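Working notes, beginning with the structure itself.
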Amino acid sequence: MKNLIAANWKMHFDVKEAEDTAKRMASTIKFNGIDIVVCANFTHLDRLNGIFNAGSIKLGAQNMYFEERGAFTGEVSPLMLKAVGCEYVIIGHSERRHIFNEDDELINKKVKSAIEHNLIPIFCIGETYDEREKKQAFSVIERQIESGLRDVDIENVIVAYEPVWAIGTGVAADMATIDKMHNFVRPFVDDVPILYGGSVKPNNAEELAHIENLNGFLVGGASLKAEDFKEIIEKFTKIKGEKYA
Ligand code: PEP
């Protein structure tokens with residue numbers, strides 16, 4: 001099974017900061033048997049493509065629209081992402097679901113379109129704090145998978161389990177919860193990598209890497225510093241690298 005660690009830079013860097021961080025990553029992170037992806041803002045992708053081009057880091061976007069072109073003001077198409085060197089695209093991130101009201105049906109269209117255009121979707125799922133409190137975590141995840149991946153050839157998908165209550169809080173979900181949720185997701189997606197996301201940091205990456213059905217991370221805040229991101233990759237590969245690479 002492929003292992004993968006992806007950075008989600010969200011809306012944090014200006015182009016100069018993005019270039020500087022990308023250069024530091026490109027010069028320090030070496031190929032180590034797992035896929036490394038940086039998902040950056042649309043406006044920076046072309047420049048970053050030039051930096052990552054020759055190295056082992058792959059480029060991803062944080063969102064896309066499902067149509068190729070047309071009257072969709074403000075949107076970016078899969079063809080546009082391909083043209084600037086993207087190989088991956090995050091789809092259905094909780095911030096897209098909850099701030100921008102993306103529903104399962106739209107997410108499903110985006111996942112299908114990404115695959116049709118040879119982009120690998122990093123398909124995000126995860127329950128909110130309220131849903132967990134109401135004991136709905138499993139049913140929410142099941143609904144998100146069944147609707148979001150309806151009629152999708154899942155062989156070409158990466159799944160990221162990101163409990164909304166652990167994103168950006170500095171406190172990751174506990175090991176038992178992640179283990180339980182990844183084990184729940186596994187039968188729906190066979191051999192597809194399942195990433196965990198939600199406050200992954202250099203100081204918890206090694207412990208989290210011990211979880212059986214966990215094939216990598218989606219890292220937000222800690223991916224903004226090249227050194228922290230590199231340390232997370234090293235901690236993960238120390239545990240999973242030799243066994244799975
Ligand atoms: C994310 O943005 O997908 C994420 C997991 O963020 P953080 O690592 O900052 O919690």
Side-chain angles (χ1 to χ4, degrees), residues 3-13 17-18 21-22 25 29 34-42 44-45 48 57-64 86 88-100 102 107 110-111 114 120-129 131-132 137 140-141 144-145 148 157-175 177-179 181-182 185 193-209 211 214-236:
N3 287 313
L4 181 143
I5 296 185
N8 175 14
W9 284 355
K10 310 197 188 199
M11 201 176 71
H12 283 298
F13 287 147
E17 290 163 336
T21 307
M25 286 186 177
I29 297 172
I34 68 167
D35 286 350
I36 309 296
V37 183
V38 170
C39 299
N41 307 86
F42 294 137
H44 308 348
L45 291 171
L48 298 189
I57 299 177
K58 298 181 172 153
L59 193 58
Q62 299 171 12
N63 181 30
M64 58 165 243
C86 281
Y88 291 81
V89 56
I90 298 174
I91 305 277
H93 190 278
S94 71
E95 287 147 21
R96 301 292 325 165
R97 290 178 188 265
H98 298 292
I99 303 173
F100 301 100
E102 292 198 4
I107 289 165
K110 291 185 175 192
V111 170
I120 300 174
I122 301 175
F123 167 68
C124 298
I125 54 175
E127 80 285 359
T128 63
Y129 181 78
E131 289 162 343
R132 173 155 288 272
V140 167
I141 296 300
Q144 289 175 340
I145 295 174
V157 174
I158 311 277
V159 172
Y161 169 63
E162 299 205 301
V164 180
W165 45 274
I167 296 179
T169 60
V171 184
D174 59 275
M175 297 277 286
T177 301
I178 303 173
D179 188 46
M181 297 310 286
H182 281 229
V185 172
I194 307 173
L195 315 184
Y196 167 75
S199 299
V200 176
K201 308 275 174 212
N203 65 9
N204 59 16
E206 186 170 337
E207 190 187 16
L208 294 172
I211 294 170
L214 183 151
N215 311 105
F217 300 127
L218 179 54
V219 187
S223 71
L224 298 173
K225 282 200 183 129
E227 298 70 25
D228 286 355
F229 190 54
K230 178 174 182 272
E231 206 178 322
I232 289 170
I233 294 165
E234 285 169 354
K235 296 263 165 74
F236 177 85

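When a ligand or atom number is given, it counts from 1 through the structure's own listing order. Please read these numbers as outputs of a predicted model, since none were measured by experiment.
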- Just by distance, with hydrogens left out, do Trp165 and Glu127 show a side-chain donor and acceptor under 3.5 Å apart? yes
- Donor-acceptor pair between Lys10 and Asn41 side chains, under 3.5 angstrom: no
Residue, atom name and distance, where the atom is the protein heavy atom closest to [atom]:
{"atom": "atom 8 (O) of ligand 1", "result": "Gly220 N, 2.8 Å"}
{"atom": "atom 1 (C) of ligand 1", "result": "His93 NE2, 3.3 Å"}
{"atom": "atom 5 (C) of ligand 1", "result": "Glu162 OE2, 3.0 Å"}

Numbering the atoms of ligand 1 from 1, which are under 4.0 Å from a heavy atom of [X]?
{"X": "Leu218", "answer": "3 (O), 5 (C)"}
{"X": "Ile167", "answer": "4 (C), 6 (O), 10 (O)"}
{"X": "Gly198", "answer": "5 (C), 10 (O)"}

- Item | Side chain, backbone, both or neither: the part of Asn8 lying under 4.0 Å from ligand 1 by heavy atom | side chain
If I take atom [atom1] from residue [X] and atom [atom2] from residue [Y], how far apart are they, to the nearest 0.5 angstrom?
{"X": "Glu231", "Y": "Ile29", "atom1": "CD", "atom2": "CD1", "answer": "11.5 Å"}
{"X": "Leu195", "Y": "Tyr161", "atom1": "CG", "atom2": "OH", "answer": "13.5 Å"}
{"X": "Ile233", "Y": "Ile57", "atom1": "CD1", "atom2": "CD1", "answer": "7.0 Å"}

- Task: Could you tell me whether Asp228 and Lys201 have a side-chain N and a carboxylate O separated by less than 4.0 Å?
- Result: no
- Query: Is any side-chain N of the basic residue among Arg97 and Glu102 closer than 4.0 Å to the acidic one's carboxylate O?
  - Reply: no
- More than 12 non-hydrogen atoms from neighbouring residues, nucleotides or ligands closer than 6.0 Å to CD on Glu227, yes or no? yes
- Message: For the 3.5 Å polar cut-off, considering only N or O atoms, please tell me whether Gly221 and ligand 1 meet it.
- Response: yes
- Thr169, any N or O under 3.5 Å of ligand 1 N or O: no
- Query: Is Gly168 in contact with ligand 1, taking contact as a heavy-atom separation below 4.0 Å?
  - Reply: yes
- Message: Considering Lys10, Glu95, Lys201 one by one, which has a heavy atom nearer to atom 2 (O) of ligand 1 than any of the others?
- Response: Lys10
